[in-house]
Amino acid sequence: MKVHYIHQLPVKIELFKSIQESLSKKVDLTTTLNTNNFKYIAGVDIAYWLDEGIEWGICSIIIIDSVTLKVIEKAFSSGKVTVPYIPGYLAFRELPLIIETVKKLTIAPDLYMFDGNGYLHPLRMGIATHASFFVHKPTIGIAKSYFKVNDAYFEIPKNEVGAFENITIGNEVLGRALRSHKDVRPIFISCGNFIDLDTATEFTLSLINKDSRLPIPVRIADLETKRIRKLLIAKTE
DNA sequence: GCGACAG
DNA sequence: ATCTTGTCGC
């Protein structure tokens, strides 16, 4: 049985340096919270595969125009993944490839949507929140399944499109279970950073189509990630 | 010892 | 996340 120690993860130093840099910058919230400026929305996802016992990952970021809903940019990065998946520490595993991919973007997204949680997290610091310190933009977390936080409570949302229930601990709202399709399991929305939950919900719902319960940017990033993985595996063999 | 566990 | 065929339904 292999034991992993978080404090020895190779990405730790880099992560904290970036957070320090980010905190010393001034973020203009009046600009970032003006939803009229949310024109370009990015979806981020990673797919994995094993090659001779070594784990590889391919990150895909796609940007859509929130008006036309068309993809206007795609960026990819692939590489070895050395950090294991540990519930609660997803960011340490996925951020290195994500950051590498963000650097390749020629268009700056106004909002990032991540596969996973933001504030809905035991330390209120899921991947969407963690990532905001690198991208310096509003971020939200979209999780396909519920990640249990101690003492958190919520009701199952009604079976209607747009129905939601807040996930709370006392008066604190961590996120919400949102029904993006009728007769389909809800998704779990939470703030990453620089955005409020109502706005996050509004944008999520506005980017849902009949193809998926996930918003378009995350959905397309997921498809792209698997398409590229197939190409990379074929190239190796 | 057993179950839970974002991706 | 990943391993995987058909199948039910719109």
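Here is how names work: the chains are called A, B, and so on, in the same order as the sequence lines, proteins then strands, and each is numbered from 1.
Distance alone, capped at 3.5 Å, places no donor-acceptor pair between the A:His181 side chain and the A:Pro186 backbone. In this structure, A:Asn193 contributes its side chain and A:Thr129 its backbone to no donor-acceptor pair below 3.5 Å. A donor-acceptor pair under 3.5 Å is formed between the side chain of A:Arg229 and the backbone N or O of A:Tyr48.
Taking a centre distance below 5.5 Å and an interplanar angle below 30 degrees as the stacking criterion, A:Tyr85 stacks against the six-membered base ring of B:dG7.
Residue contacts for A:Lys182: at a heavy-atom cut-off of 4.0 Å it reaches no nucleic acid atom on any strand shown. Across all strands shown, A:Gly57 has no heavy atoms under 4.0 Å from either base or sugar-phosphate atoms. A:Asn117 comes within 4.0 angstrom of a base, heavy atoms only. Among the protein residues, A:Tyr48 comes within range of the sugar-phosphate backbone only, with heavy atoms under 4.0 Å from sugar or phosphate atoms but none that close to a base. At a threshold of 4.0 angstrom between heavy atoms, the contacts of A:Ile46 with the nucleic acid are absent.
Atoms CZ (A:Arg229) and C1' (B:dG7) sit 13 Å apart, rounded to a whole Å. Computed from coordinates, the A:Ile98 CD1 to C:dA1 P distance equals 13 Å when rounded to whole Å. Regarding A:His121, its NE2 atom lies at a distance of 12 Å from the C1' atom of B:dG7, rounded to whole Å. For the pair A:Ile58 CD1 and C:dT2 P, the interatomic distance rounds to 12 Å; values are reported in whole Å. Put simply, CG on A:Leu120 is 12 Å from P on B:dC5, counting in whole angstrom units. Rounded to whole angstrom, the span from the NZ atom of A:Lys226 across to the C1' atom of C:dT4 amounts to 13 Å. Going from atom CZ of A:Arg213 over to atom C1' of C:dG9 covers 18 Å, rounded to whole Å. Nucleotide C:dC3 holds its C1' atom 14 Å from the CD atom of A:Glu55, rounded to whole Å.
Both A:Lys210 and A:Glu94 lie near DNA chain C, and the one whose nearest nucleotide falls closer to the 5' end is A:Glu94.
Phosphate contact (OP1/OP2 of B:dA6, side-chain N/O of A:Tyr146, threshold under 4.0 Å): absent. Contact annotation: A:Ser145 reaches the phosphate of B:dG7 (side-chain N/O to OP1 or OP2, under 4.0 Å). For A:Arg93 and C:dA1, the shortest distance from a side-chain N or O to OP1 or OP2 is not below 4.0 Å.
Using modelled atom types, one finds a donor on one side chain and an acceptor on the other under 3.5 Å when comparing A:Thr101 with A:Ser77.
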Exercise for review: For salt bridge (charged side-chain N to carboxylate O under 4.0 Å, His left out), just list the numbers for A:Arg213 and A:Asp183, CA-CA rounded to whole Å, side-chain angles, deciding distance to a tenth of an Å, and then say yes or no.
Suggested key: CA-CA 10 Å; A:Arg213 70 183 169 126; A:Asp183 298 322; over 6 Å; no
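For A:Lys144, taking side-chain heavy atoms from C-beta onward, the closest of the listed nucleotides C:dT2, B:dC5, B:dG7 is B:dG7.
Straight-line distance between the C1' atoms of B:dC5 and C:dT2: roughly 16 Å, to the nearest whole Å.
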